[in-house]
Amino acid sequence: MTPEAQEGNIFTSSLDFLVNWGRKNSLWPFPYGTACCAIEFMSTETARYDLSRIGSEYVRFTPRQSDVLLVAGTITYKQAPILKRIYEQMAEPRWVIAMGACACSGGFYDCYCTVPGIDHIIPVDVYIGGCPPRPESFFDAMFDLQKKVEDESYMKQRAERLKEQIEDIKRKSKECREDLVLRKNEACEMVSNTVRSKVNDVLDVFPFKKGR
Amino acid sequence: MNFFETLFPVLETKFNVEKDASAHWDHSVIAKASVLRDLITFLKNDESSKMEMLLDIVGIDYLGFQDYEGPRFAVEYVLKSISRPGNRVRVKVFVSEQDLEVPTISDLYPIANWQEREVYDQYGIIFTGHPDLRRILNHVEFEGHPLRKDYPAHRRQWLSTNDFLLPALEKRLESKGYKVVERSKEVLPNEDEYLTGSIQE
Amino acid sequence: MKVIAPNGDKLNLMPLNIGPSHGATHGCLRYFCALDGESIVATVGEIGYLHRGFEKMAERGTWQQVVPYTDRLNYCSAMMNNIAYCRAVENMFQLELPERTKILRVIISELSRMADHCICVAAAAQDLGSTTGFFYLFDSREMMMVIWEKLTGARLTNSYARIGGLYRDVYEGFEEDVLAVCKQAEKNLSDVHACFDRNRIFLDRTVGIGAMKPERAIQWGWTGPCLRATGVASDLRKDEPYYDYETYDWNVVTGTAGDVYDRLMVRLAEIEESIKIVRQALKRLTPGPIDIMDPRIRVPSHALAYQDIESLIGRFKSVYEGVRVPAGEYYYGFEAANGELGFTLVSDGSGKPWRVKVRPPCFTQFAAFHELVEGSMLTDSVATLSSINIIAGELDR
Ligand code: SF4
């Protein structure tokens, strides 16, 4: 360090270090809580576990002000577009934690309405197992995330790292779409014709849907 | 319980109902769809029963049920009395696969509105006269009825965009006496967005 | 959107969507309202965002395997759902449980009820801006969590009840822990009352808001604290007593106006009643067996399975084939924290349930939501929503 710098109480460091230090100690979560895991997240916030120890107590309910998207709970197909949209609304840098078995893999709801893991829709940084995960494991995930934040260099590297995952998602959603088209024909046959015409009558809310 | 013993003969003569043999632990009657509305109205208002509360509407699919012959579906109405605590009765209506129609009771009990929508959603049973028979638990693009026994549990169906509640809201406004003159443009999804939605490749 | 009101006025309404991911919609639900300025003209609710297919999943496993799914119905009071489901199945067997199990189930149910009410009021307090109330109420709930952890190994989704018994007997020191929780809960309650009772903001935002008439509430099928807040003293524990609830000394709490204030206060008062019941039940707790002795219904313990062949076979059978519930149909309603939790069970005599239908108490409450909020302010809808305690897991199943 040069003497001038010492006099002015200046220290030098890499910008990455400084930015990351700031980021990692105030990761504001957006709790996308849908089910039981959200209750455990509420416990994490209360006095016994105290999330403010790592600077994350400031829970924001708007995606535009938060850094971490915390998906706590089961994601169903009905919710998937919403989750996707919320993820898109968040500003970079953004991280995603999948909390609980349901968010990671669909959990033990293996049926027609649950998404088998949110990584079909959005990229995920940290997964937490458990049904529900204990608050301790939630902290563990936050520490992991902090480590991840620490060695990141701005946006570039991050975009690189997510590229793979995003491509994966694109592939998956394409597969699902093809699957859907295949199965739709099957499903049509299944519902007997009389019912089908009635169903169409009732469902006919959107005029443009007919063309599909 | 003796309330049912006094009630049943009345129902039998008036509405030609039968006792449900499968109800060993509580009281259930089997009725024809044609008398359902009269029966429920009677149960709700008559002094001898006073079933003021409709607890639940249950759909049942008997496809492949052991030793069972008869119509494929059944709809069950669970009723309970508040003024005479402890009095409960279930009313069961069989619905055949060709017919699939039951009269609605959503004007008798407001809660039946949603419960019938649920049965419709899960089993595809049409409640004639229902004001707004839409899916309730599954999304708008869902095909088929998931709780039917022939719907494989693993058949997943993606939704491309968010549901759209504006028609329902307009209906509600109209039922309150408002007249919609002009729809708001910004909340109408355009066709492109509707088909691709926010899950884009 | 431009509309013409019934009185001929021309209005320009703004459609506003709230939820499914919104701070005030705990869990996942959505309502779409048409606003005139700040007051709600019309609103429609939409549910199903957490429809996880409980009923389909239940048809795939054995009767016993449904128990973990019931945990996740109302996850704020998981054990009560277990008990409700097990009791429904036991009623089909016409089983008589050992005395100790009954008392333990009463204690567990009441503790769960306390926890559930704590969460509801705490979340409502949070929504009204009182974080202090939130922390006070969560304090006693965290103590209960410690007990549950010691008892079952899980914090939230416990799966403690079994058909024909309980997972295991209580640990040593359970009684003292429960008494300590009761004491702490009483203290927290008085703190919370000190926060709320004469708090101008709280009163202004709750009294007279979202009121419901008793007749209308009955038509809408409301049960539990929300119905009692309107003044109808309907409680299954008194009306159709089970587990000897009639022998305990407690009162049914009722409100008068059926508004947000009454609903929250009825819940707080019910915590007090629950503490009373728990204290009395603890006094009655005597040592004894907790499971019924029938290898066809309750899985024999490990110790027995290693000793005699019959218990071993019983273990195998109940794991592979499941409990064989007699064929028939049955509806059973249980007074859960939120209202009447009903199970409609259809059995074809095999080891798997043919149909399990849940009657979720908050379904009926949310169905009436538009009646509660139409005509009031947008902010009041938040207070109303948190007071009717919508648990998405139960609402959508
Ligand atoms: S992982 Fe378990 S606790 Fe978490 S949302 Fe899923 S079912 Fe509920």
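- Within a 6.0 Å sphere centred on NZ of K24(A), other residues, nucleotides and ligands contribute more than 12 heavy atoms.
- Annotation: maximal heavy-atom pairing with chain C below 4.5 Å, among D110(A), I86(A), T114(A), occurs at D110(A).
- Proximity to chain A involves both the backbone and the side chain of R52(C), based on heavy atoms less than 4.5 angstrom apart.
- Most heavy-atom pairs under 4.5 Å with chain A, from the set N74(C), D139(C), L156(C): that is L156(C).
- If you measure heavy-atom distances from Y77(A) to chain C, you find no contacts under 4.5 Å at all.
- Looking only at heavy-atom pairs under 4.5 Å with chain C, the residue among G130(A), A38(A), C131(A), G107(A) that has the most is C131(A).
- Only the side chain of Y112(A) comes within less than 4.5 Å of a heavy atom of chain C; its backbone N, CA, C and O stay farther away.
- Residue I390(C) holds its CD1 atom at 6.0 Å from CG of L395(C), rounded to the nearest 0.5 Å.
- Using the six-membered ring where Trp is involved, F139(A) and F143(A) have ring planes that are tilted, between 30° and 60° apart.
- By the neighbour-count criterion of 12 heavy atoms within 6.0 Å, atom OH of Y320(C) is sparsely surrounded, having that number or fewer from other residues, nucleotides or ligands.
- Between F138(A) and F41(A), the ring centre distance stays below 6.0 Å.
- Residue contact with chain A, scored on non-hydrogen atoms closer than 4.5 Å, involves the backbone and the side chain of Y69(C) alike.
- Taking the ring centre of F54(C) as origin, the terminal cationic atom of R72(C) falls outside the region bounded by 6.0 Å and 45° from the ring axis.
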